[in-house]
There are 2 protein chains.
Amino acid sequence: MATIYEVSKLAGVSLATVSRVINDSSAVRKTTKDKVERAMKQLNYKPNSVAKSLASNRSDCIGVLVSELKSPFFTRMMGAIDAECRQFEKHIVVTASENDPLHEKEGIEFLIGRNCDALILHVESLSDEYLIELSQGKVPIVILNRQIPQISDHCISLNNELGGYLATKAVIEHGHRNIVYISGPEHKKDAIQRLAGHRRALMEAGIGIDQTRIFTGDYLQTGGQEGFKHFHDSGIQFSAVVCGNDEMATGVMATARECGLSLPEDLSVMGFDNVVFSRYTFPRLSTVDNPITDMGKMAARIIMEDVYKKSMGSINKSFEPSLVIRESVSRITKD
Amino acid sequence: MATIYEVSKLAGVSLATVSRVINDSSAVRKTTKDKVERAMKQLNYKPNSVAKSLASNRSDCIGVLVSELKSPFFTRMMGAIDAECRQFEKHIVVTASENDPLHEKEGIEFLIGRNCDALILHVESLSDEYLIELSQGKVPIVILNRQIPQISDHCISLNNELGGYLATKAVIEHGHRNIVYISGPEHKKDAIQRLAGHRRALMEAGIGIDQTRIFTGDYLQTGGQEGFKHFHDSGIQFSAVVCGNDEMATGVMATARECGLSLPEDLSVMGFDNVVFSRYTFPRLSTVDNPITDMGKMAARIIMEDVYKKSMGSINKSFEPSLVIRESVSRITKD
DNA sequence: GGCTTAAATGTAAGCGCTTACACCAAAATA
DNA sequence: TATTTTGGTGTAAGCGCTTACATTTAAGCC
């Protein structure tokens, strides 16, 4: 591979001049520039980004840490971030924490060690304190899907409470009053917030809150299965089940059918997130759209502005979910 | 951030010695090693991987080029590669080509420019010639999901023909004889191969091949919709539709229902790939499992062996798909 | 044409690390 | 005891680039 030195020799200029035309960092006479460009082409010169990164202390790379690589949720997020970065010739380097707090820390250190110019983090286990400290370090960070008051400037988050509220409200508006709820794990903040929204909707409709109508699942399909079985076996009457996320909703659907119910006539199901496959279920899942791609995009934008001084459109750090009504919630007139 | 120089000063040894304990590249006396390690800990020293990479011409990074970041198919692949690399403290740097031939080339150049030690490529548009030339370059490559005879050593591929055969054969064995096929785009090799397998199964069962029973779709949900409508409108009798992939199969399901069919009684549907959501459809989609995670894993392994000289288990470059029978294909006795 | 000023280019010192080579002491051999 | 080997360590030259600073060249002005 040709180096900048060879280019400079061929073009008959100094290293510095070549570097200048590559980065057009300062004025270079047109004729000189042409010479250099010709030489570059002739040698098929490609700048060595590692050397560049070492010398300039700038990598044009944005580190992205996600919980897992194989989930469609994160994929959409990454895709959005990558698309945005690409426009400015920045690149992402991704690492996965596999939902493990140790890995999360390692991942962050890896990305910093890789000289990333900024970090976009989706972390669940790491403490607020750690993140606050991190945000005061050298590398700018943006935290996705989490709200830490002390550093809210660095956080992009979704109003999960509102989402939970909208979901349940929609179900109520379809005539349901006997509603059960399958929540995500208690240690997940979004799960707690979604449940809070659910409660608010019930209260507002004058439906009392009954702890026995809430089941705590694992955000996976199994959680939906277990939740449905739990309610089914307990003899509780219910015409609708609202779920903390779409995975659990599909679990409910499958298990309800196994128990002989036909959907959506006998049971309405509501999800949350609007993941890709929610369109593929039958009946198609009504859910709450989680604008994760918009949020990812925004994270990238913030970095473009703050780190690379590229001015973009307006900045918004707080996102609102919206309802997606499909067929899995049926209208009933009498409970 | 502390540098190796500061560590060496604090530990009272030379740069070289510190480097040696970091990489344990040559013998260092135990006591010296301890001193250095203590110094590293005290300074919270983290090696600067960019500098390391520049000096050693080795990045411990494996470049991965995928067609798109947002597809669950590639996500699974990436996840598998990453998991394998992680075991050996290697990392992946991913870039997406967005299904664009120009981007594919750019992506490869980017990864090479990033000093990747090896490349794992999933490319569709780039010519065989280009890849053959590339494989003769300095950077080792592994090509996923494509078979190029001249460099088959670098290729990991799936027997798509067999998959197509198994899919149709299973449908036939369920008693169907009036079968239509919705293929992927004609310029995609896997689509052609899958279709060839379909034909073989038909022939073998003594069912003639009828071009009017083959529709060329786009591998997306819309392809399934269009395909079903096409056959439905044309008045062709069919009890089963075999699809080139799962996305199209879901399109068929949705559209068939819109036309008043009930599934799987009135129509059997067969997919291909066994993507995540195929478990979530109703009826659950029968399909052909595409062992993309195994293939990704194997790609990583090959690199571990060839590039990093880590000996792994056995190497296999040719994968076979297997049937996944769920409920979307029903048994019929009479057509 | 001589002067000032600005524009264009060159020089060279790093960035933080690896590694070939040199060196030295201690152990092994004769 | 002299000599070779070896294990342990240091020295210093890069890796390919950026960039502050110095220097040269061209332009502008009276």
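Values reported hereafter were calculated over all heavy atoms of this structure, with side chains retained and with hydrogens, waters and symmetry mates removed. In what follows, chains are A, B, ... by sequence order, proteins preceding strands, each numbered from 1. Here the structure is a predicted model, which is why all the values come from computation and not from measurement.
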Practice item. Check salt bridge (charged side-chain N to carboxylate O under 4.0 Å, His left out) between K35(A) and all other residues, then give those that pass, not counting sequence neighbours. Key: none
All N/O donor-acceptor pairs, side-chain side in residues 143-153 of chain B, below 3.5 Å, sequence neighbours left out:
residue, atom, partner, partner atom, Å
N145(B), ND2, H122(B), NE2, 3.3
R146(B), NH1, V123(B), O, 3.2
R146(B), NH1, L126(B), O, 3.1
R146(B), NH2, L126(B), O, 2.7
R146(B), NH2, D128(B), OD1, 2.7
Q147(B), OE1, S157(B), OG, 3.3

Practice item. Describe the nucleic acid contact of S53(B) in one word from base, sugar-phosphate, nothing, applying a heavy-atom distance below 4.0 Å. Key: nothing
Practice item. Check for a donor-acceptor pair, side chain of N159(A) on one end and backbone N or O of F319(A) on the other, with a separation under 3.5 Å. Key: no
Point to revise | With sequence neighbours excluded, residues passing side-chain contact (heavy atoms from CB on, under 4.5 Å) with E305(B) | key: M312(B), I315(B)
**Study point:** salt bridge (charged side-chain N to carboxylate O under 4.0 Å, His left out) against K46(B), all qualifying residues, sequence neighbours excluded
**Key:** none
Revision key, fill the gap. Residues at least two apart in sequence or cross-chain that pass side-chain contact (heavy atoms from CB on, under 4.5 Å) with S25(A), listed by chain then number, are R20(A), N23(A)
Revision key, fill the gap. By side-chain hydrogen bond (donor to acceptor under 3.5 Å, both in side chains), K188(B) pairs with (sequence neighbours left out) E124(B)
Exercise for review: Starting from the first five and the last five pairs of the helix from dG1(C)-dC30(D) to dA30(C)-dT1(D), work out the angle between the resulting helix axes, to 10 degrees.
Suggested key: 40°
Check your understanding: Just by protein heavy atoms under 4.0 Å, how would nucleotides 13-23 of chain D read 5' to 3' in B, S and -?
Key -> -BBBBSBB---
Please tabulate, one pair per line, each protein N/O and nucleotide N/O from nucleotides 24-28 of chain C that are separated by under 3.5 Å, including the distance.
none

Would you give me the side-chain donor-acceptor pairs under 3.5 Å for residues 132-142 of chain B, sequence neighbours excluded?
residue, atom, partner, partner atom, Å
S135(B), OG, I132(B), O, 2.6

Study note, to complete from the structure: note: D24(B), atom CG; dG7(D), atom P; distance rounded to Å ~ 16 Å
Review point. Considering residues at least two apart in sequence or located in another chain, which fulfil the side-chain contact (heavy atoms from CB on, under 4.5 Å) criterion with A2(A)?
Key: E6(A), L43(A), Y45(A)
**Study point:** T32(B) side-chain proximity, nearest of dG8(D), dG10(D), dT9(C)
**Key:** dG8(D)
Revision key, fill the gap. Residue set satisfying side-chain contact (heavy atoms from CB on, under 4.5 Å) with Q87(B), at least two apart, ordered chain then number -> E84(B)
